[in-house]
Every structure is written in structure tokens, then in C-alpha cells.
Amino acid sequence: MALSDLYSNCQLLLRWIHVMAGIAWIGHLYFFNFVNLPFQGTIGADIKKVVNPQLITRALWWFRWGAMATFIVGLLLFTQLYMYIPGVGFGATELFSNEQGLTGRAIWILLGMTFGTIMWFNVWFIIWPAQQKILRGVRDGVPADPALPKRAALTSRVNTYLSAPMLFGMLSATHYGAINFVTGVVTIALGLFAIWWAYQTAPKVGTSI
Ligand code: HEM
């Protein structure tokens, strides 16, 4: 890649921002599910009132803006790689499709992007609005609708489960390529199992030094 190769330089920059933002987003998702959830069970309402508005609002900021940046830059990356032909213009590239139809790479990334987009939607339109109401309730001493914490927790759990198969989709597009029914099912199953294992392990570890 020459330094003057604008296309490659843009792509690397987009990839880097995308993965940095993805780390911020999914890192906080795992913090909420594997650290904060077991932790909240060990503290009383008086401590929650002091700790949570300060801690959770900060974590939620990185979480939701990480999600937004990952999503937007992911779409830009998709457009550059799959929907733009340098010197020609916008349109499906050979990475996206050929005479046989969609390429393996395109199927992987579409799988990952579908999971990622559902997760982004959940963050912005379910988890964050619910958390805002819950935290305002804690701050003002007015209990929020009891359905809200359940909705937020369930959606957060769904996102956590989706995150592992989603990442297989992101990585396999470039680093694996071919896809068939078995590889698709195995990666989804392995991803779901890894997250299930983390939920089982989370309350039991890290409490002693
Ligand atoms: C929210 C929706 C998302 C969209 C639309 C999206 C889109 C994309 C696209 C188009 C690529 C390039 C694939 C290729 O080279 O063929 C990619 C790669 C990648 N994405 Fe995403 N992505 C999303 C979410 C995420 C999340 C949450 C993460 C978590 C860290 C992530 C991590 C990655 C990684 C690690 C790569 C591979 C980078 C590489 O191997 O160079 N993505 N993504």
C-alpha cells in the first residue's frame, strides 16, 4: 500500500475507528453484564443512590456513543468496501457479489451487520431510554415503572448474547471468507456458549485479591 493510496488509507482509518469504538461499546456492555450486574446485588438502596447516578451515567455515555460511532463508521466501511468502485462510482463491488451471487465475505459481514444493527437499535431505542428513566427515578427518589429495569436488563442480555456471533461475522468476512451452513451454525453456537459461560462465571470470580 503506497502512502498516496487514498482508498487504502481511508479504509485503514475507518477500520481503526470502527474497532476502537467497538471496543468501547462492547467493553462497557460486558462491564454492565459481567461486573455491574453481580455487583449491584451486593449493595443496598442507600449506596445505589450515591454510586449509580455517577457511575452508570458515565459508563452509559461511552456505551451509547461507542455504539453510535461503531455503527456509523461500520456503514461507511461497508459502503467503501462493498458499494463503491474507485473511478467508477457507487455500486456493488466484486467483494459483494459475482456471477454466483453474494460472496462468502459479503454473507459473513451481512450476518455480523444484522446482529450489530439490532444491538445498536436496542442500545439507542430501548436500553438508554429505559436507563434514563430509571436513573432519574433514583436521583429524584421517585421509583420508576418496575417494568423498566426488567426491559433494560433483558435487552442488555440479548445484546450480550448477540455480541459473540456478531464478532465472528465481523472477523470471518476478512479472515475466513467461505461460509456454509455448518460454519454459520458452529460460530453462532460457539458464540452463544461463550456468553452463557461468562454469565455463569461472572458472579463467582474477581471478588478476592
Ligand atoms: C453496529 C453495526 C456494525 C456494522 C454496520 C459493522 C460493519 C463492519 C464492516 C463493513 C466491516 C468490514 C468487513 C470487511 O472487511 O469485509 C467490519 C469489520 C469489523 N468490525 Fe464491524 N460492524 C458493526 C459492529 C461491530 C462491533 C460492535 C464490533 C466490535 C468490536 C465490530 C468489530 C469489527 C472488527 C474487529 C472488524 C474486522 C476488522 C479487520 O479485520 O480489519 N463491528 N465491520
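Hydrogens, waters and symmetry mates are skipped; everything else that's a heavy atom, side chains included, is used.
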For this output row, return yes or no: ring centroids of W128 and W65 closer than 6.0 angstrom. no
Is there a side-chain contact between M119 and I26 (heavy atoms, below 4.5 Å)? yes
Are W196 and F193 close enough that their ring centers fall under 6.0 Å? yes
Taking side chain as C-beta onward, heavy atoms only, is T174 less than 4.5 Å from R15? yes
In terms of heavy-atom contacts, does CZ of R64 have more than 12 from other residues, nucleotides or ligands at under 6.0 Å? yes
Is a side-chain donor or acceptor of N36 paired with a backbone partner of F31 at a separation under 3.5 angstrom? no
By the side chain to side chain donor-acceptor pair (under 3.5 Å) test, which pairs, at least two apart or in different chains, include something from residues 42-51? none
Quick one: CH2 on W25 to CE on M68, what's the gap to the nearest 0.5 Å? 10.0 Å
So, taking the atom named CG in L13 and the one named CG in L77, what distance separates them when rounded to the nearest 0.5 Å? 10.5 Å
Hey, does the side chain of D140 reach the backbone of V142 with a donor-acceptor pair shorter than 3.5 angstrom? no
Which atoms form the tightest heavy-atom contact between L14 and V73, and what is the distance? O-CG1, 3.3 Å
Calculate, to the nearest 0.5 Å, the distance between atoms CZ and CG belonging to R139 and N52 respectively. 14.0 Å
Among residues at least two apart in sequence or on other chains, which ones pass side chain to side chain donor-acceptor pair (under 3.5 Å) with Y30? S163
Looking at W16, I'd like to know if its CH2 atom is crowded, meaning that more than 12 non-hydrogen atoms belonging to other residues, nucleotides or ligands lie closer than 6.0 Å. no
Check: residues 178-189 side-chain donor-acceptor pairs under 3.5 Å, at least two apart:
residue	atom	partner	partner atom	Å
N180	OD1	V182	N	3.0
N180	OD1	T183	N	2.9
N180	OD1	T183	OG1	3.2
T183	OG1	N180	N	2.9
T183	OG1	N180	O	2.9
T187	OG1	T183	O	2.9
T187	OG1	G184	O	2.9

Given the rule that I, L, V, M, F, W and Y join up when any side-chain heavy atoms are under 4.5 Å apart, are L154 and Y161 in one cluster? no
Roughly how far, to the nearest 0.5 Å, is the CG atom of L102 from the CG atom of L110? 6.5 Å
Have N33 and T160 got a donor and an acceptor in their side chains that come within less than 3.5 Å? yes
Nearest 0.5 Å please: distance from the CG atom of L12 over to the OG atom of S8. 8.5 Å
Mind checking whether W108 and Y176 have parallel, tilted or perpendicular rings, split at 30° and 60°? perpendicular
Any donor-acceptor pair under 3.5 Å linking the side chain of Q80 with the backbone of Y7? yes
Would you kindly confirm whether M166 and F168 end up in one hydrophobic cluster when ILVMFWY residues are joined by side chain heavy atoms under 4.5 Å apart? no
Within one Ile-Leu-Val-Met-Phe-Trp-Tyr cluster: L135 and V51, side-chain cutoff 4.5 Å: yes
Give the cluster check for V138 versus L60: same hydrophobic cluster or not, with ILVMFWY residues linked at side-chain heavy-atom distances below 4.5 Å. no
Quick one: do F34 and T201 satisfy side chain to side chain contact (heavy atoms under 4.5 Å, CB included)? Show the steps, please. CA-CA 8 Å; F34 304 136; T201 308; over 6 Å; no
Heavy-atom nearest pair, A144 first then I134, reads CB-CA, 4.0 Å
Within a strict 4.5 Å, meaning less than it, do heavy atoms of the L37 and F32 side chains meet? no
Hydrophobic clusters here meaning ILVMFWY residues chained together by side-chain heavy-atom distances under 4.5 Å, can you tell me if L29 and W61 are in one? yes
Going by atom type alone, with no hydrogens or angles, which donor-acceptor pairs under 3.5 Å involve a side-chain atom of residues 83-96 and a protein atom two or more places apart or on another chain?
residue	atom	partner	partner atom	Å
T93	OG1	L81	O	2.9
T93	OG1	Y82	O	3.4
T93	OG1	L95	N	3.3

With sequence neighbours excluded, what pairs up with T70 under the side chain to side chain donor-acceptor pair (under 3.5 Å) test? none
Is there a side-chain contact between L75 and T117 (heavy atoms, below 4.5 Å)? no
So, for L148 and K133, which heavy atoms are closest and what is the spacing to 0.1 Å? CD1-CB, 3.6 Å
For Q200, the side chain to side chain donor-acceptor pair (under 3.5 Å) test, sequence neighbours excluded, returns none
Report the distance from atom CD1 of I107 to atom OG of S172, rounding to the nearest 0.5 Å. 12.0 Å
Quick one: sort the H28 and W62 rings into parallel, tilted or perpendicular, breaks at 30° and 60°. parallel
